[in-house]
Protein chains: 2
Amino acid sequence: MGDEAISERVVEELQRRILNGQIPVGSWLRHSTIAEEFGVSRTPVREALRVLHAQGIVTIVRNRGARVNGHSGRDVRELGEVRAALEGLAAELAVERINDAQIRQMEKALEDFAAALEKYAGNPELALSAEANQRWSETNRDFHSAILAGSGNHHLVLSIEDVGRRLPLNSSYPVYAGNSRLLKQNLEEHQRIATAIREHDADGAREAMVAHIRSASESLARYVEETERRR
Amino acid sequence: MGDEAISERVVEELQRRILNGQIPVGSWLRHSTIAEEFGVSRTPVREALRVLHAQGIVTIVRNRGARVNGHSGRDVRELGEVRAALEGLAAELAVERINDAQIRQMEKALEDFAAALEKYAGNPELALSAEANQRWSETNRDFHSAILAGSGNHHLVLSIEDVGRRLPLNSSYPVYAGNSRLLKQNLEEHQRIATAIREHDADGAREAMVAHIRSASESLARYVEETERRR
DNA sequence: TGGATCACTTCTGGATCCCATCTGCGGGGA
DNA sequence: TCCCCGCAGATGGGATCCAGAAGTGATCCA
């Protein structure tokens, strides 16, 4: 227990905070500040920042420090294309390899999503709440991770995680929040993917997944371009 | 000039040596040895090893050090599937986005490969030489990187590089070396991809590329399984 | 003689120290 | 008054120092 190196813990915590926006894009990460907060020396912090740099999460400027990378609309589209290809592969492979437990997890995520949609449908206030965001993200994650696990390809999971780290996915929630049209579309796309998997249609599953991820990332790209135009 | 951090240089050099087999799989990387060789202190070396760990190239065992990761046949197949999906996407995108210079680079790589095949065809000795290996790998790299550049997706390039780092590709040369059947097949697959791109057939290009990478990685997987059975 | 134990060696992980470089500010000169 | 230069503080990069963990081998006891 506790056999994890300090630098690893720092990496994970910083990843988390950057991903969920707690540490905003463009901010500088200072050795001393982070070291102090974690109650450690600067050495493991430096190692952590080098790792984040290698992962493309921050940029290290010599003698200046590490700064959190932002993402243009173009970045979002490019990452969307990559993620679509990878998740499309996952869906295609899952058709052959997914097991019953994973199928059930997938079905459950669908039901939960539908139930949440029902609940928040005619309730704009609730739909914008943090609780609602939590549910969208959780059911969404469960659905995708069931298929990912069903692909039986561990390196594929690693690659998708890698892409995910480069793109703060959580910045996608405000895109959906309160937009019942997009939420409904999301559900329909999920159902289309699930149906193809149930029916053992590998090409169909892949194509449905690719279309799904591309449309989602297109929405996100537009959102990003919109918000960056406003400042 | 020389504005690159020492740890970055160490990372790149170690990547290179591990990729080309100069540092064998399973060997331990010791701080002091590497530090001494590079004429630096252990600090940047430690940072470099953390980065290699994050990239999945080495495993860090607490209080023991870093060891170069090996690859089972299964790993090779999984990575092959991932790479096939990514390069397939590159081919698909290249159909729409590739420019004339990149087309010419692609054609030139094809011609060079064919010329090399011709030259070494009836000459088993030359075909096994380091010079021959050099030419196979170079023309192969040129062909794929032309298409990659033609995809116009920088994040895609990054992801493929990431997969490539996890799998010492150069270990694939001995698979081809002197095997004119595989080399010829390789050339034919490349030509099929190039034709689809020329004819603006996105699906065809993707499928040809996926088939190409999968068959190549299947050969590599068999080779790996064969050699690991021998010890 | 075989096996367990304990001291020694080696090496990593984290902390501290030192130095180079960059930024911001204030004073002096045009 | 404005610009430029230089100095001081802040910050990061690299080296060194120290403590603790794991392997190794010798020694002692059954």
Side-chain angles (χ1 to χ4, degrees), chain A residues 1-18 22-70 165-166 231, chain B residues 1-18 22-70 165-166 231:
Chain A
M1 199 165 57
D3 63 336
E4 200 179 31
I6 289 184
S7 67
E8 304 253 329
R9 275 223 308 286
V10 176
V11 166
E12 283 163 25
E13 181 59 19
L14 290 179
Q15 278 176 350
R16 217 179 51 72
R17 294 192 192 175
I18 292 172
Q22 213 170 322
I23 298 176
V25 159
S27 52
W28 289 96
L29 301 176
R30 313 231 166 259
H31 291 180
S32 19
T33 312
I34 300 171
E36 205 173 326
E37 182 186 338
F38 283 78
V40 299
S41 82
R42 282 171 43 210
T43 309
V45 174
R46 284 175 52 183
E47 290 172 4
L49 292 180
R50 290 260 171 234
V51 169
L52 294 184
H53 174 62
Q55 292 175 337
I57 297 176
V58 305
T59 301
I60 290 184
V61 186
R62 189 168 164 93
N63 291 321
R64 294 295 332 269
R67 184 205 304 247
V68 180
N69 286 336
R165 273 193 291 269
R166 270 182 273 170
R231 356 185 174 105
Chain B
M1 195 165 62
D3 63 335
E4 198 179 32
I6 289 184
S7 66
E8 303 252 330
R9 276 222 309 286
V10 176
V11 166
E12 285 163 25
E13 182 59 20
L14 289 179
Q15 278 175 350
R16 216 180 51 73
R17 294 193 192 174
I18 292 171
Q22 212 170 324
I23 299 176
V25 159
S27 52
W28 290 95
L29 301 176
R30 312 223 168 270
H31 292 181
S32 21
T33 312
I34 300 171
E36 204 173 328
E37 182 183 339
F38 283 78
V40 299
S41 84
R42 283 174 42 217
T43 309
V45 174
R46 284 175 52 184
E47 291 171 4
L49 292 179
R50 288 266 170 227
V51 169
L52 294 184
H53 174 61
Q55 292 175 337
I57 296 175
V58 305
T59 300
I60 290 185
V61 186
R62 190 170 163 82
N63 292 320
R64 292 301 337 265
R67 185 206 300 249
V68 180
N69 285 336
R165 274 192 291 267
R166 270 183 273 169
R231 348 185 178 108

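Numbered from 1 within each chain, the chains take letters A, B, ... in sequence-line order.
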Residues in residues 44-55 of chain B with a heavy atom under 4.0 Å of DNA chain D, by number, are Pro44(B)
Any side-chain N or O of His31(B) under 4.0 Å from OP1/OP2 of dT10(C)? no
Side-chain contact test, heavy atoms from C-beta onward, threshold under 4.5 Å: evaluate it for Val10(B) versus Phe38(B) and give yes or no. yes
Over how many whole Å does the gap from Glu36(A) atom CD to dA15(C) atom P extend? 13 Å
Just how far, in rounded Å, is P of dT9(C) from CZ of Arg64(B)? 18 Å
Anything under 4.0 Å to a heavy atom of chain A counts; send over the first and last such nucleotide of DNA chain D, read 5' to 3'. dT11(D) to dG14(D)
Identify the heavy atoms of Gln55(A) and Arg166(A) that sit nearest to each other, and give their distance. O-CG, 3.4 Å
Just checking Arg30(B): base, sugar-phosphate only, or nothing, at a heavy-atom cut-off of under 4.0 Å? sugar-phosphate
Flag side-chain contact, heavy atom, 4.5 Å: Leu29(B) against Val45(B): no
Nearest whole angstrom, please: distance from the C1' of dC11(C) to the CZ of Arg42(B). 7 Å
Find the distance Asn63(B):CG to dT9(C):C1' and express it as a whole number of Å. 15 Å
For residues Val61(B) and Arg67(B), determine if any side-chain heavy atom of one lies less than 4.5 Å from a side-chain heavy atom of the other. no
So do the side chains of Val40(B) and Arg9(B) get within less than 4.5 Å of each other, counting heavy atoms only? no
Whole angstrom value for the distance that separates C1' of dG13(C) from CD1 of Ile60(B): 11 Å
For Gln22(A), is the CD atom crowded, meaning more than 12 foreign heavy atoms sit under 6.0 Å from it? yes
Does the side chain of Glu47(A) reach to within under 4.5 Å of the side chain of Val51(A), using non-hydrogen atoms? no
First encountered from the 5' end of DNA chain C, between Ser32(B) and Ser41(A): Ser32(B)
Take atom CZ of Arg62(A) and atom P of dT23(C), then tell me their distance rounded to the nearest Å. 14 Å
Mark yes when over 12 heavy atoms from residues, nucleotides or ligands other than Glu12(B) sit less than 6.0 Å from its CD; otherwise mark no. yes
Is the shortest side-chain N to carboxylate O distance from Arg17(B) to Glu13(B) below 4.0 Å? yes
